[in-house]
There are 2 protein chains.
Amino acid sequence: MSQTFRHPEILEIARREGKVTVEGLAEHFGVTLQTIRRDLTDLAEAGRLERVHGGAVLSSGTTNIGYEERRSLKSEAKRAIARACAAQIPGNISLFLNIGTSTEAVAMELMHHENLMVLTNNMNVANILAGNHGCDVILTGGQLRRADGGLVGNLATETIKQFKFDLAVIGCSALDREGDLLDFDIQEVSVSQAILRQSRKTFLVADQTKLTRSAPARIASLANIDTFFTDVPLPADLAAVCTAWGTKVVVAS
Amino acid sequence: MSQTFRHPEILEIARREGKVTVEGLAEHFGVTLQTIRRDLTDLAEAGRLERVHGGAVLSSGTTNIGYEERRSLKSEAKRAIARACAAQIPGNISLFLNIGTSTEAVAMELMHHENLMVLTNNMNVANILAGNHGCDVILTGGQLRRADGGLVGNLATETIKQFKFDLAVIGCSALDREGDLLDFDIQEVSVSQAILRQSRKTFLVADQTKLTRSAPARIASLANIDTFFTDVPLPADLAAVCTAWGTKVVVAS
DNA sequence: AGCTTTATTTTCGTTTTCTTTCGTTTATGC
DNA sequence: GCATAAACGAAAGAAAACGAAAATAAAGCT
């Protein structure tokens, strides 16, 4: 009943005190610890508070988005793919990196490339490559999607149309057995399609987990990709279509 | 990784002091040295601090642009100005925040505003407000300027022209005795001018250091500003022109 | 270099807090 | 009024935070 009552008040207390304790709130509202824990779990899930042992604190403003991502892309497979991809990216070119932890991994491997002009619709990529002073970074505009630091929407697509770059390095959410690149977000699909249209050469980076997932929206086909970087040899059917389409496959070890 | 109440506070102390000691923190929190060491290990693993013998320091290097800025905007004066400004910003509006440590300070004070739609050409503002889930963040496109995390150039100006927002909060490099807002960078000037043209109401945030500096490019006049937030009472001549122009002046204490 | 002091890592047991799963109560819709 | 769903409380097992002590490593000193 009073859950709707407690939630705003918990937030108010948190803002005033900076933190709240499970025990303190239980006493304040005259309910059990379990109930407060449920409240805090709900508020944390909604992103309003940050859960800590024994209570919760205001979600810190200095937290950088992409920081969770950065941890997940520690995965060795992703790094190997990224290294193999970066090794085929020369200096002195313009390239696009889109959304995705795989492309972020590539960005990390580009830290010591010289004279790159990098366009991206990914805040994390921009944050990473800000550390490479031999590299111009240009962001597309767009609405910030907190889940992955992506800039999406019409603004992003329109910006991309104003460029023509030497190379596009893109990731995707899933890759099916027919060789179609898929994504969860229809908005992101039109961004990716715009990228492919505006680039002279295209690299796809995708680890094996993408082969076993599915997603509803179709970006393009492997036929539109020049080189596909992954971490395990492809199943026979996929390998066959790649050969037929002239799509090079690089398996990073 | 699990969280404790201490983590945010340790980070805050680290930002304020530049470093933290195991012993100092143990005394501060009333826990044993081992416990603090565990905290510092966690924070170091998460990349938020850099571990050193006897304590920890702010992590240097590539992780975050604008991090030096963020230290300087800890200055009490800037925070006071920002607080005064944020207090006059209601919820449920669209606003623009441009480049500058002063506007970043405002962004920090907006962390708990609800239902804002924030446009910005400042990566640091975007990073900060990414932490506020009650707030849509839209970035203009543009070339990333590492010095301050700004997005500048034609792309930024063009994006801004596509919007009309309720409020613009802008900073400037300098403010002369005739009441002219000045900037060092001509590119940034045209961005700021575009912002002023597209907004219904305009706030200027500038601390006293801006009054004693000069800069070559003219953005606009105080006559174009609705409210000017600063930290010390204005000199008589400036105060006079503000009265004449109907520019409200708020001196934050 | 060798010694001393200080700091760190590792391991362990204890305590606190969390999660999960149940049954009960309270509100809401039909 | 009855059915359904939501909120709540209780209890047990799991997870974590914590402090203590011993072994190891680093820094400072002569």
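All chains are named by letter (A, B, ...) in the order of the sequence lines, taking the proteins before the strands, and each is independently numbered beginning at 1.
- Judged as a salt bridge (Lys or Arg N to Asp or Glu O under 4.0 Å), the pairs with a partner in residues 110-129 of chain B (not counting sequence neighbours) are, in order, A:Arg15-B:Glu114, A:Arg48-B:Glu114.
- Atom P of nucleotide C:dA7 and atom CG of B:Asp39 are separated by 17 Å, given to the nearest angstrom.
- Separating the CG atom of B:Leu25 from the C1' atom of C:dA7 is a distance of 15 Å, rounded to the nearest angstrom.
- For B:Asp166 (side chain) and B:Ser94 (main-chain N/O), a donor-acceptor pair under 3.5 Å exists by modelled atom type.
- Distances shown here put a side-chain N or O of B:Thr35 below 4.0 Å from the OP1 or OP2 atom of D:dG19.
- Remark: P of C:dA7 and NZ of B:Lys19 are 13 Å apart, rounded to the nearest angstrom.
- Taking the side chain as every heavy atom from C-beta outward, A:Cys85 and A:Val169 approach each other to under 4.5 Å.
- Taking atom CG of A:Asp42 as the reference point, atom P of D:dA6 lies 13 Å away to the nearest angstrom.
- Rounded to a whole Å, the CZ atom of B:Arg51 is 4 Å from the P atom of C:dT8.
- Rounded to whole angstrom, the span from the CD1 atom of A:Ile36 across to the C1' atom of C:dC18 amounts to 15 Å.
- The side chain of A:His53 sits closest to C:dT16 out of C:dT16, D:dA27, D:dA21.
- Under 4.0 angstrom from either OP1 or OP2 of D:dA17 there lies no side-chain N or O belonging to B:Arg6.
- No side-chain donor from either of A:His112 and A:Asn132 sits under 3.5 Å from a side-chain acceptor of the other.
- For the pair B:Leu33 CG and C:dT8 C1', the computed distance is 11 Å after rounding to whole Å.
- Taking only distance into account, the side chain of A:Arg37 never meets the base of D:dG9 through a donor-acceptor pair shorter than 3.5 Å.
- The B:Thr41 side chain lies nearest to C:dT9 when the options are C:dT9, D:dC18, C:dT8.
- At a cut-off of 3.5 Å, with distance as the only test, no side-chain donor of A:Asn122 or A:Thr120 sits close to an acceptor on the other residue.
- Among the nucleotides C:dC18, C:dA7, D:dG9, the one closest to the side chain of A:Arg38 is D:dG9.
- If A:Glu23 and A:Gln34 are placed on DNA chain C by their nearest nucleotide, the residue sitting closer to the 5' end is A:Glu23.
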